[in-house]
Amino acid sequence: MINLRKAKSLPRITREWDAIADLRERQIASGEDHSANFVLAPAILGALPQSKSLVDIGCGTGWLTSMASQRAELLVGVDPSPNSIAIAEKLHSSASISYRTETVEQYARRRKRPEFDTAISNMAASSAPDLQHFFSASRRLLQRNGLFILTFPHPCFWPLYWGYASHPKFRYERSFAVEGKFKIRTQVTQMVTTHFHHPLEQYFSSLARAGFELESMRELSGRGFEFPRFMLVTSRAI
């Protein structure tokens, strides 16, 4: 059952990700999550240069932060889910990585100056109740000309895959909070999570208003995908 809402608060969304954190770590660590392991991670890592300082915005359980540690001297993973961060600190920690249980907006407010030359964000923008605030906070963390690499659900095709394209309330050009049972290619869980649908125009206009200049974009497909399910976007802080 899919439910479309006009809005949903971050504390409620965070509680959902807290509840599913252990399962998500198992799905990814086992290789069962094809999209995470064989589509999203390779795309982000393939676009990631060597850097001195990197922030993983919406790092979840830290699995991708750990992979990115080969490309950066210093890393910070930021995520509002306490359970996810606890797993990250236990399973994906190293001397070069530190984790923060905060939203990107909270973390950015405590920074006196931009500290990072690179930022990655895997599927986190689509969980942010306010997309503009999310991108603006991400920009405040990056030095001038800093690289921002992010992925998000493909707005044109994700509604078909997730099953709400035919929902009577759905309109592509509008934003919605989408509640539904979390699923990967091989498994539908009983745990409800929420992501936000935004049209492509909103993603790109919000990035521009936040102070980013588009560098590249790719549509990402994987095994068994009829259509691309994800977008990979790279941009520069201006």
Side-chain angles (χ1 to χ4, degrees), residues 1-28 33 35-36 39-40 56-64 77-88 101-107 121-138 150-203 206-207 220 229-231 233:
M1 178 66 182
I2 299 289
N3 186 32
L4 301 186
R5 306 167 64 99
K6 290 184 178 180
K8 191 166 183 177
S9 70
L10 184 58
R12 292 180 65 189
I13 295 170
T14 299
R15 288 194 292 271
E16 293 173 351
W17 288 107
D18 268 345
I20 204 171
D22 287 318
L23 174 61
R24 289 299 295 136
E25 176 62 25
R26 292 195 301 271
Q27 289 174 334
I28 295 168
D33 189 329
S35 295
V39 180
L40 294 166
D56 186 354
I57 300 168
C59 66
T61 62
W63 63 276
L64 185 59
V78 181
D79 197 284
S81 164
N83 289 355
S84 296
I85 291 296
I87 293 170
T101 310
E102 296 179 280
T103 66
V104 64
E105 294 87 351
Q106 291 168 333
Y107 185 68
S121 184
N122 180 41
M123 300 291 282
S126 59
S127 292
D130 192 313
L131 187 64
Q132 189 64 64
H133 287 175
F134 180 90
F135 284 150
S136 296
S138 300
L150 71 148
T151 58
F152 52 84
H154 196 308
C156 299
F157 302 114
W158 190 260
L160 292 171
Y161 165 62
W162 208 254
Y164 57 88
S166 60
H167 193 287
K169 291 184 179 179
F170 179 71
R171 299 291 183 274
Y172 171 82
E173 67 277 9
R174 299 178 185 174
S175 293
F176 296 95
V178 183
E179 297 175 333
K181 293 179 180 179
F182 185 85
K183 66 178 181 178
I184 58 175
R185 189 173 61 90
T186 58
Q187 180 185 14
V188 178
T189 76
Q190 296 304 306
M191 296 180 176
V192 172
T193 59
T194 301
H195 68 274
F196 289 84
H197 165 83
H198 304 293
L200 271 175
E201 179 182 2
Q202 187 169 344
Y203 276 105
S206 296
L207 277 169
L220 303 179
R229 286 185 189 165
F230 309 100
M231 297 290 298
V233 172

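- Scored by the side chain to side chain donor-acceptor pair (under 3.5 Å) test, Thr186 finds Glu32 as partners (sequence neighbours excluded).
- With sequence neighbours excluded, no residue satisfies side-chain contact (heavy atoms from CB on, under 4.5 Å) with Pro168.
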All N/O donor-acceptor pairs, side-chain side in residues 152-162, below 3.5 Å, sequence neighbours left out:
residue	atom	partner	partner atom	Å
His154	ND1	Cys156	N	3.2
His154	NE2	Glu219	OE2	2.7
Trp158	NE1	His195	NE2	3.2

Apply side-chain contact (heavy atoms from CB on, under 4.5 Å) to the pair Ser126 and Phe134, showing each step before the final yes or no. CA-CA 10 Å; Ser126 59; Phe134 180 90; over 6 Å; no
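- Of the inter-residue distances, the one linking Ile184 atom CD1 with Leu23 atom CG reads 7.5 Å to the nearest 0.5 angstrom.
- Proximity of Val39 to Arg229: side-chain heavy atoms (C-beta onward) are nowhere separated by under 4.5 Å.
- Partners of Asn83 by side-chain contact (heavy atoms from CB on, under 4.5 Å), not counting sequence neighbours, listed by chain and number: Asp18, Ala21, Ser81.
- The distance from atom CH2 of Trp17 to atom CG of Leu10, rounded to the nearest 0.5 Å, is 12.5 Å.
- No more than 12 heavy atoms of other residues, nucleotides or ligands sit less than 6.0 Å from atom CZ of Arg174.
- Legend: residues meeting side-chain contact (heavy atoms from CB on, under 4.5 Å) with Thr101, ordered by chain and number and at least two apart, are Pro82, Ile85.
- Heavy-atom minimum distance, Glu25 versus Ile87: CG-CG2, 3.9 Å.
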Between Leu200 and Tyr172, does a side-chain contact (heavy atoms from CB on, under 4.5 Å) hold up when you go through it step by step? CA-CA 9 Å; Leu200 271 175; Tyr172 171 82; 3.6 Å; yes
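- A donor-acceptor contact shorter than 3.5 Å is absent between the side chain of Glu105 and the backbone of Ala137.
- In terms of heavy-atom proximity, Ile57 sits nearest to Ser138 at CD1-OG, 3.4 Å.
- Qualifying salt bridge (Lys or Arg N to Asp or Glu O under 4.0 Å) partners for Glu179, counting only residues two or more places apart in sequence or in other chains: Arg5, Lys8.
- With rounding to the nearest 0.5 angstrom, the CD1 atom of Ile28 is 9.5 Å from the CG atom of Leu40.
- For the side chain to side chain donor-acceptor pair (under 3.5 Å) test, residues two or more places apart in sequence or in another chain that qualify with Thr151 are Asn122.
- Checked against side chain to side chain donor-acceptor pair (under 3.5 Å), Ser175 has the following partners two or more places apart in sequence or in another chain: His198, Gln202.
- Taking CG of Asp79 as the reference point, atom SG of Cys59 lies at 5.0 Å (rounded to 0.5 Å).
- The side chain to side chain contact (heavy atoms under 4.5 Å, CB included) with Val178 is formed by just one residue from the set Ile2, Thr193, Thr194; it is Ile2.
- Rounding to the nearest 0.5 Å places CD of Glu173 at 8.0 Å from NE2 of His197.
- Applying the side-chain contact (heavy atoms from CB on, under 4.5 Å) test to His167 and every residue at least two apart in sequence or in another chain returns Leu4, Tyr164, Lys169, Phe170.
- Between Ile20 and Phe182 the shortest side-chain heavy-atom distance falls below 4.5 Å.
- The minimum heavy-atom distance between Ala128 and Phe196, with the atom names listed, is O-CD1, 3.6 Å.
- With sequence neighbours excluded, the residues that form a side chain to side chain donor-acceptor pair (under 3.5 Å) with Gln27 are Arg24, Gln187.
- Residues Ala124 and Gly58 come closest through the heavy atom pair CB-CA, 3.8 Å.
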